[in-house]
Amino acid sequence: MKILVVGSGGREHALCWSIAASPLCDKLYCAPGNAGIAEEAECVPIPADDIRGLVAFAVGNAIDFVVVGPEAPLVAGLADRLEAEGIRTFGPSADAAILEGSKAFMKDLCFRYGIPTAAYGRFTNVGAAKEFVRQRGAPIVIKADGLAAGKGVVIARTVEEADAAIDAMLAEHRFGAASDEIVVEEFLAGEEASFFALVDGETALPLASAQDHKAVGDGDTGPNTGGMGAYSPAPVMTDEMTERVMREIVEPTVRAMKEEGRPFRGVLFAGLMITAEGPRLLEFNVRFGDPECQVLCLRLMSDLLPALVAARDGELAHFQLRWRPEAAVTVVLASKGYPGDYVKGTEIRGLDQARALDGVTIFHAGTARAEDGRLLATGGRVLNVCATGATIAEARQRAYEAVDRIDWPEGFCRRDIAWRAVKSGR
Ligand code: AMP
Ligand code: GLY
């Protein structure tokens, strides 16, 4: 098969790494890719949001199968456009990607089909939203309806903070059209987990669980980022909890989407809060998590590519995947200043020494090669230093040993990835 992966982050590097290892893959392209991905795939300089460019490339190069990494092109209809050209695509149609594209849609679907999630209201009017906040009290959560690159959620500890967030989103249009409507929802206390399932329109095949660290600073402090590290499995996702999440959240959603005439195909990523009363859905994403995908790929023993094809083809019912018993941890190296402003183009050294360590794999998230071959940082999140180990503690120790061999003065990382699991003795 000739395969095209769309995207340029650590998630797409992990996907390319897995797909390149498949005996089914004859030729692998990635658009636009990065310096690490270039070791696995031929990178083509088409941005992930250039729908016309991607479709033209896929048609012109007789691509057999496309794997879409990020959500924005899915919400914009990339899978529909490729399928219309007869190109099989892993990733939902725009009609189904609305599960991530509109939080209001997702909440209403949960309400109609009895899927457990936080109590909520939908608002386009500032006064009505503030009135709802007064009825419910703080803490309370304010969310932009549409895609806001992970920044559209405010956890308000006081009514004043909630009011400010409502003003910023509805009145000041902080996120443009994405915050023309907002969801105001109940604050849920508990432990978070990311849970993934492949879905073929009817059948859901559970993948593995993971936990990521969204806050930029140690101890989960500071502003939210795309994710500063992750580990898998998530100890809070016991077999029993996994079964509940499948039965109470994932399977009812798959049935609901089919009933709504929006069959979901692709990977369904449930952001969960495990509360004292059981699992509650925080959000759905319609793509793999980044950096969760990196640790899932490291733990997957089976060939990923046929599983992605089966999800596209509606053939997951009899599909099985095997997982390594080992744990995996990834530590994100980011440019100093991220998630605010940072300097681009600084040089990274020492990757070969780092990846020579036992069990260590490095995925690139934001890198490019200079003409003279030097490796340069080009993004906020730059490298994913990953390791496997018998326990989460061992995997984490290996990952940090590798981090310490990397020579990049302009970068930083959190030093406490997986602290919760390690504290609980995993
Ligand atoms: P989301 O983009 O919806 O996943 O929200 C980003 C982060 O905000 C989540 O990972 C949670 O840490 C937090 N969050 C979202 N919704 C809630 C909620 N209802 N209660 C508590 N925390 C929440
Ligand atoms: N790591 C969270 C996300 O990909 O949305």
Quick one: pull up [atom1] in [X] and [atom2] in [Y] and give me the separation to the nearest 0.5 Å.
X    : Y    : atom1 : atom2 : answer
T253 : M246 : OG1   : CE    : 10.0 Å
L296 : S232 : CG    : OG    : 5.0 Å
M273 : E186 : CE    : CD    : 10.5 Å
R265 : L198 : CZ    : CG    : 13.5 Å
L28  : F65  : CG    : CZ    : 12.0 Å
D218 : C413 : CG    : SG    : 8.0 Å

Short question: side chain of [X], backbone of [Y] - any donor-acceptor pair under 3.5 Å?
X    : Y    : value
R280 : L272 : no
Y29  : L4   : no
T388 : A328 : no
S335 : G411 : no
S179 : M169 : yes
D416 : W419 : no
T275 : A189 : no
N34  : A368 : no
N384 : V332 : no
R355 : I362 : no

Side chain proximity check, [X] to [Y], heavy atoms < 4.5 angstrom:
X    : Y    : answer
L207 : V267 : yes
I274 : M241 : yes
V360 : C386 : no
L99  : M257 : yes
V422 : R396 : yes
L282 : E192 : yes
T367 : V382 : yes
P206 : F195 : yes

I'd like to know if [X] and [Y] make a salt bridge, using a cut-off of under 4.0 Å between side-chain N and carboxylate O.
X    : Y    : result
R405 : E401 : no
R88  : E83  : no
D220 : K214 : no
R136 : E185 : no
D145 : R122 : no
R255 : E202 : no
K336 : E410 : no

Evaluate side chain to side chain contact (heavy atoms under 4.5 Å, CB included) for M228 paired with T225, printing each intermediate quantity in order.
-> CA-CA 7 Å; M228 292 300 291; T225 68; 3.5 Å; yes
Nearest atoms (heavy-atom pairs only) where [X] meets [Y]:
X    : Y    : result
L316 : T203 : CD1-O, 3.8 Å
V309 : M1   : CG2-CE, 4.0 Å
D290 : G10  : OD2-N, 3.8 Å
G7   : P70  : CA-CD, 4.2 Å
E12  : G9   : OE1-N, 2.8 Å
A387 : A399 : CB-N, 3.6 Å

Do I115 and E248 pass the side chain to side chain contact (heavy atoms under 4.5 Å, CB included) test, and can you show the C-alpha distance, the side-chain angles, and the key distance before you say yes or no?
-> CA-CA 6 Å; I115 297 160; E248 296 173 20; over 6 Å; no
Applying salt bridge (Lys or Arg N to Asp or Glu O under 4.0 Å), run through R322 and D303 and close with a yes or a no. CA-CA 9 Å; R322 295 179 63 207; D303 188 347; over 6 Å; no
Original post:
With sequence neighbours left out, what residues match W408 under ring pair (Phe, Tyr, Trp, His ring centres under 6.0 Å)?
Top reply: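 Partners of W408 under the ring pair (Phe, Tyr, Trp, His ring centres under 6.0 Å) test: none.
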Does atom [atom1] of [X] have more than 12 heavy-atom neighbours from other groups under 6.0 Å away?
X    : atom1 : result
E191 : CD    : yes
E240 : CD    : no
R157 : CZ    : no
K130 : NZ    : yes

Applying the side-chain contact (heavy atoms from CB on, under 4.5 Å) test to I3, which of L305, L15, L24, D64 qualifies?
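In the set L305, L15, L24, D64, the residue that makes a side-chain contact (heavy atoms from CB on, under 4.5 Å) with I3 is L305.
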For I166 and I182, run side chain to side chain contact (heavy atoms under 4.5 Å, CB included): C-alpha distance rounded to whole Å, both residues' side-chain angles, the deciding distance at 0.1 Å, then the answer. CA-CA 8 Å; I166 290 167; I182 61 171; 4.0 Å; yes
Please work out whether the ring planes of [X] and [Y] are parallel, tilted or perpendicular, with thresholds of 30° and 60°.
X    : Y    : value
F111 : Y120 : perpendicular
H364 : H13  : perpendicular
W17  : F363 : perpendicular

Run the salt bridge (Lys or Arg N to Asp or Glu O under 4.0 Å) test on R134 and D163 for me, step by step, so that the C-alpha distance in whole Å, both residues' side-chain angles and the decisive distance to 0.1 Å come before the verdict.
CA-CA 10 Å; R134 272 151 192 77; D163 283 354; 2.6 Å; yes
Margin query: Determine whether R112 and E260 satisfy the following criterion, salt bridge (Lys or Arg N to Asp or Glu O under 4.0 Å), listing intermediate values before the conclusion.
Written below: CA-CA 11 Å; R112 283 204 305 281; E260 297 284 315; 3.2 Å; yes
With sequence neighbours left out, the residues meeting side-chain hydrogen bond (donor to acceptor under 3.5 Å, both in side chains) with Q353 are none
| said: Using the rule given for side chain to side chain contact (heavy atoms under 4.5 Å, CB included), can you reason through I417 versus Y400, listing the C-alpha separation, both sets of side-chain angles and the distance that settles it, and then say yes or no? | reply: CA-CA 9 Å; I417 297 306; Y400 279 116; 3.4 Å; yes
Practice item. Go through the steps for E292 and S194 under the test side-chain hydrogen bond (donor to acceptor under 3.5 Å, both in side chains), then give the verdict. Key: CA-CA 8 Å; E292 289 96 324; S194 302; 2.7 Å; yes
>> Ring centroids only, cut at 6.0 angstrom: are F284 and F269 within range, meaning strictly under it?
In response: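 No; F269 has its ring centre 6.0 Å or more from that of F284.
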